[in-house]
Protein chains: 2
Amino acid sequence: MSYEELVFDVFARNCTSRPVMDTVAGRWGILSMAALLGGTHRFNELRRRVDGVSEKMLSQTLHALERDGLVLRTVQSTIPPRVEYSLTDTGRRIATKLMELIDLVESEMPGISAAQARYDAL
Amino acid sequence: MSYEELVFDVFARNCTSRPVMDTVAGRWGILSMAALLGGTHRFNELRRRVDGVSEKMLSQTLHALERDGLVLRTVQSTIPPRVEYSLTDTGRRIATKLMELIDLVESEMPGISAAQARYDAL
DNA sequence: CGGTATCCGAGTTGATACTG
DNA sequence: CAGTATCAACTCGGATACCG
């Protein structure tokens with residue numbers, strides 16, 4: 001099936017999948033989902049794992065992923081509270097594909113020579 | 001190989017691949033690369049295909065992808081000028097993976113129930 | 001045609017402080 | 001611990017004008 005035949009056309013401005021793609025494929029969405037591939041994690045574990053994310057962005061990202069049915073949030077109302085995040089079945093399928101993308105990009109880095117220069121310029 | 005063993009760790013704040021991931025996985029990066037999977041395209045063809053992108057963002061995205069060695073830009077100095085964009089080998093491998101991600105997300109949409117609500121709220 | 005340059009408002013991001 | 005609230009900075013994205 002070539003991409004021209006898709007019924008739900010991502011190329012269309014109003015495609016339903018666009019908001020989902022924006023969350024999933026965004027910088028923190030990718031890294032959060034990839035981190036959860038390693039298993040269930042608590043909020044601050046994720047925060048340490050996903051280096052550089054702010055509390056606000058992690059919270060926002062996780063809530064969006066939960067609304068989309070990709071991440072499951074489990075609360076234990078103890079003191080101190082314990083909140084655990086894990087992937088749903090759908091989430092795990094998507095996270096696996098994201099991990100493949102990450103692995104591919106990293107393996108292709110030698111062919112992405114200018115990347116370091118762009119990074120340095122920041 | 002589990003993701004914990006990666007030498008170039010995407011989870012690290014200063015990982016070289018992050019700027020590349022940001023471009024590739026960004027909204028317009030994904031759609032531009034996916035569009036180019038269909039073959040070589042001219043600027044305005046891409047602009048029409050990637051519905052909703054402005055000239056500025058498309059230009060910016062294509063230049064970033066070119067710098068990263070994922071997209072090839074070919075100029076024919078005729079009048080009117082003809083500029084064609086195509087994928088490099090590295091670009092094609094990554095674009096193929098992106099297309100798999102798009103297809104997967106679209107096929108999983110039934111399990112992403114809240115997505116439409118989020119879209120409507122915009 | 002295929003852009004670049006500039007402006008500007010709106011939205012996003014992140015550091016910090018604070019809460020239950 | 002697990003966030004929310006707030007605010008300042010920054011970026012995005014569109015509109016417009018112009019160039020080769």
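Sequence lines set the chain letters: A, B, ... in the order given, protein chains first and strands last, and positions in each chain run from 1.
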Tell me: CE of Met57(B) to P of dC12(D), nearest whole Å? 6 Å

Identified side-chain contact (heavy atoms from CB on, under 4.5 Å) counterpart of Lys97(B) within the set Val105(A), Leu104(A), Ile102(A): Leu104(A)

side-chain contact (heavy atoms from CB on, under 4.5 Å) test vs Val24(B) passes for just one of Thr61(B), Leu98(B), Ile30(B), namely Leu98(B)

Any Trp28(B) side-chain nitrogen or oxygen under 4.0 Å from OP1 or OP2 of dG14(D): no

What's the CD1-P distance between Ile79(A) and dG3(D), to the nearest Å? 15 Å

note: Asn44(B), atom CG; dG3(C), atom P; distance rounded to Å ~ 8 Å

Grab the CG-P distance between Leu62(A) and dC1(D) for me, whole Å please. 16 Å

Any donor-acceptor pair under 3.5 Å from Arg18(A) side chain to Val10(A) backbone: yes

Between the side chains of Glu106(A) and Ser17(B), is a donor N or O closer than 3.5 angstrom to an acceptor N or O? yes

Lys56(A) has an atom NZ; how far is it from atom C1' of dA15(C), in whole Å? 10 Å

Between dG2(C) and Ser59(B), is there an OP1 or OP2 to side-chain N/O distance shorter than 4.0 Å? no

DNA chain D stem ranges, 3 or more consecutive Watson-Crick or G-U pairs under 3.5 angstrom: C:1-20 with D:1-20

Protein-nucleotide distance (Leu58(B), atom CG; dA15(D), atom C1'), rounded to Å: 16 Å

Phosphate OP1/OP2 of dG3(D): any Tyr85(A) side-chain N/O under 4.0 Å: yes

For Asp51(A) and Ala12(B), indicate whether the former's side chain and the latter's backbone hold a donor-acceptor pair under 3.5 Å. no

Test: Glu45(A) and Arg47(A) ion pair at under 4.0 Å: no

By nearest heavy atom, map Ser54(A) and Arg82(B) onto DNA chain C; which one lands nearer the 5' end? Arg82(B)

Side-chain N,O (Thr78(B)) to OP1/OP2 (dC1(C)) below 4.0 Å: no

To the nearest Å, give me how far apart CD (Glu84(A)) and C1' (dC1(D)) are. 12 Å

In this structure, how many angstroms lie between the P atom of dG20(C) and the CZ atom of Phe43(A), rounded? 18 Å

Take Arg27(A) and Glu55(A), find for each the nucleotide of DNA chain C with the closest heavy atom, and name the residue whose nucleotide sits nearer the 5' end. Arg27(A)

Just to be sure I understand the rule, does Gly26(B) reach a base, reach only the sugar-phosphate, or reach nothing, if contact means heavy atoms closer than 4.0 Å? nothing

Side-chain contact check for Arg42(A): nearest option of dG3(C), dG3(D), dA2(D) is dA2(D)

For the side chain of His63(B), counting heavy atoms from C-beta on, which of dG3(C), dG3(D), dT13(C) is nearest? dG3(C)

Short side-chain N/O contact from Arg73(A) to OP1 or OP2 of dG3(D), under 4.0 Å: yes

Main-chain N/O of Leu70(A) paired with Thr88(A) side-chain donor or acceptor, under 3.5 Å: yes

Quick one: does Glu84(B)'s side chain get under 4.5 Å of Gln76(B)'s, heavy atoms only? yes

